[in-house]
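See below for the structure under consideration.
This is a predicted model, so every value here is computed, not measured. Ligands are counted one by one from 1 in listed order, and the atoms in each one are counted from 1 as well.
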Amino acid sequence: MQGPLIDTLVRQGVSRRSFMKYCATLASLMALPPAAGRAMAQAMAAARRPSVIWLPFQECTGCTESITRSHSPSLEGMIFDMVSLDYQETLMAAAGHQAEEALEKAIEDNKGQFLLIIDGSVATGLDGAYSCIAGRTNLDLLKHVAPHAAAIVAVGSCAAFGGIPKAKPNPTGAVAVSDIIKDKPIVNVPGCPPIPVVMTGVLAHFLTFGSLPELDRLGRPKAFYGETIHDRCYRRPFYDQGKFAKTFDDEGARKGWCLFELGCKGPVTYNACATVKWNAGTSWPVEGGHGCLGCSEPDFWDGGGFYKALSMPADPLKMAATAAVVGAAAGVAASFANRAKKGGAKAAHETVTLADLEK
Ligand code: SF4
Ligand code: SF4
Ligand code: F3S
C-alpha cells in the first residue's frame with residue numbers, strides 16, 4: 001500500500017496551493033457546496049490509492065489519449081497518480097503473458113474493491129470474435145472481470161452507448177457495456193472522447209466519498225451532463241436574436257453568430273464543453289467555429305447528420321419537447337412545453353435525444 005496521495009502529488013511537483021485550487025474548482029463544477037472543495041482536498045490528500053483496472057475494447061485510443069493528456073502533463077493527468085492503475089494495456093510496461101498475469105493478480109488482490117474502467121464498445125457478433133485480446137474476446141473478458149469490480153466507469157461514447165463501432169450497419173454487433181452488465185453500478189462518461197476533467201471528477205468523487213456521483217437516466221454524472229451545450233453556449237444570444245451563420249466563411253460566421261443552421265447539435269447534446277472547455281480550458285468546438293456534433297449522445301454518428309440543421313418535428317408533442325430544449329424564440333417554448341406537459345411528454349432535460357428528433 002502506498003503513502004497518502006498528497007505525498008505522491010508533491011513528488012510530482014504539484015503545489016498544495018494548486019491542489020487546493022483544483023479541488024475547489026472541481027467541487028464547484030460538480031455543484032457541490034463551497035465547503036466541499038476543502039473536504040474533497042482533505043479526503044483526497046489522505047486517501048490511499050484504490051486499484052483501477054482499465055480494459056480497452058473496440059476503441060481508437062482517443063479516450064486514453066484525452067484522459068492521460070500525454071502531450072501535456074496537467075493536474076488532471078496527475079490525478080491518475082491517485083489511483084493504482086494496475087492494468088492498462090496502452091500504458092503498462094508489461095506485455096504478453098506478463099500483462100495477463102498482472103490482470104489476474106489485480107483482480108485477486110482487490111476483489112470487490114477495484115474500479116473497472118472500460119473504453120470501447122463490446123463486440124457481440126460471432127460470439128465476440130471481432131475483438132479479442134490474448135485470444136480472449138472482449139465479451140468474455142468483460143464477463144470475467146466485471147463481477148469482481150466495485151463499480152464500472154464506461155469511458156467514451158463507445159463504451160457508454162456503442163459509439164462509432166455501433167454506427168449503421170454495425171458489422172461487429174457492437175453494444176454498450178450496460179447492455180451486457182446489469183448487476184453493477186455503471187457510470188457513463190460519454191464523449192468522443194470525453195473531457196479529461198469530467199473523468200477525473202468521477203474519480204475524485206469516488207476517492208472522496210467512496211461512492212459514485214449522482215447520475216441522470218442515461219447513467220451520466222448530472223454535475224457534468226445536466227445541461228445542454230446550448231444552455232451554456234456563448235453564441236446563445238445570437239440564437240435568441242435569430243442571427244445564424246449560413247456558411248462557415250460568411251459574414252455571420254466571422255461575427256461569431258450561431259451555428260444552428262450549419263448543423264450544430266448543441267440544443268440536444270448534454271455535455272460540459274461550453275463551461276469546462278478543452279485543452280486546459282483553451283477552447284471547444286463551437287468556439288473553434290464548428291457546430292457541436294453531439295458526440296456525447298447515444299446516437300452520435302447516425303443521429304442527426306453532421307451538417308443537417310435540427311428541424312422542428314411536425315408532431316406537436318415532439319415539437320413541444322424540442323421547443324423546451326432549444327428555448328425557441330418568439331415565446332413559443334412555454335406554450336409548447338405546457339402542451340407537452342398536458343400530453344404527458346417527458347421532462348425536456350431528460351427527453352430529447354438525437355434519436356427522438358430522427359423518429
Ligand atoms: Fe475513440 Fe471516440 Fe470511441 Fe473514445 S469514444 S474510443 S475517442 S471512437
Ligand atoms: Fe451555440 Fe449551437 Fe446553440 Fe448556436 S445552436 S447557441 S452555436 S450551441
Ligand atoms: Fe462533443 Fe459537442 Fe463537445 S461534439 S466535444 S459534445 S461541443
Subject >> Those atoms of ligand 3 less than 4.0 Å from some heavy atom in Leu293 >> reply: 2 (Fe), 4 (S)
Original post:
How about Trp257 and Tyr239: are their ring centres within less than 6.0 Å of each other?
Top reply: no
Original post:
Between Lys246 and Asp250, does at least one N-O distance fall below 4.0 Å, as a salt bridge requires?
Top reply: no
**OP:** Determine the minimum heavy-atom distance between Arg220 and Pro190, stating which atoms define it.
**Re:** CD-CG, 3.5 Å
Original post:
Going by atom types only, do His144 and Glu104 share a side-chain donor-acceptor pair under 3.5 Å?
Top reply: yes
Original post:
Under a 4.0 Å N-O cut-off, is there an ion pair linking Glu251 with Arg254?
Top reply: yes
Original post:
Within a radius of less than 6.0 Å around NZ of Lys168, do more than 12 heavy atoms belonging to other residues, nucleotides or ligands occur?
Top reply: no
Original post:
Does ligand 1 have any atom that is closer than 4.0 Å to a heavy atom of Pro194?
Top reply: no
Subject >> Distance filter under 2.8 Å, centred on atom 3 (Fe) of ligand 1 - protein N, O or S atoms that pass it >> reply: Cys158 SG
Original post:
Salt-bridged, Glu297 to Lys265, with N to O below 4.0 Å?
Top reply: no
**OP:** Indicate, as side chain, backbone, both or neither, the part of Pro285 found under 4.0 angstrom from ligand 3 when only non-hydrogen atoms are considered.
**Re:** side chain
Original post:
Protein N, O or S atoms at less than 2.8 Å from atom 3 (Fe) of ligand 2, how many?
Top reply: 1
Original post:
More than 12 heavy atoms of other residues, nucleotides or ligands under 6.0 Å from CG of Asp127: is that the case?
Top reply: no
Original post:
Under 4.0 angstrom from ligand 3, any heavy atom of Gly294?
Top reply: yes
Original post:
Has Cys295 got an N, O or S atom lying less than 2.8 Å from atom 2 (Fe) of ligand 3?
Top reply: no
**OP:** Heavy-atom contacts with Gly191 under 4.0 Å: which atoms of ligand 1 show up? List them by number with element.
**Re:** 5 (S)
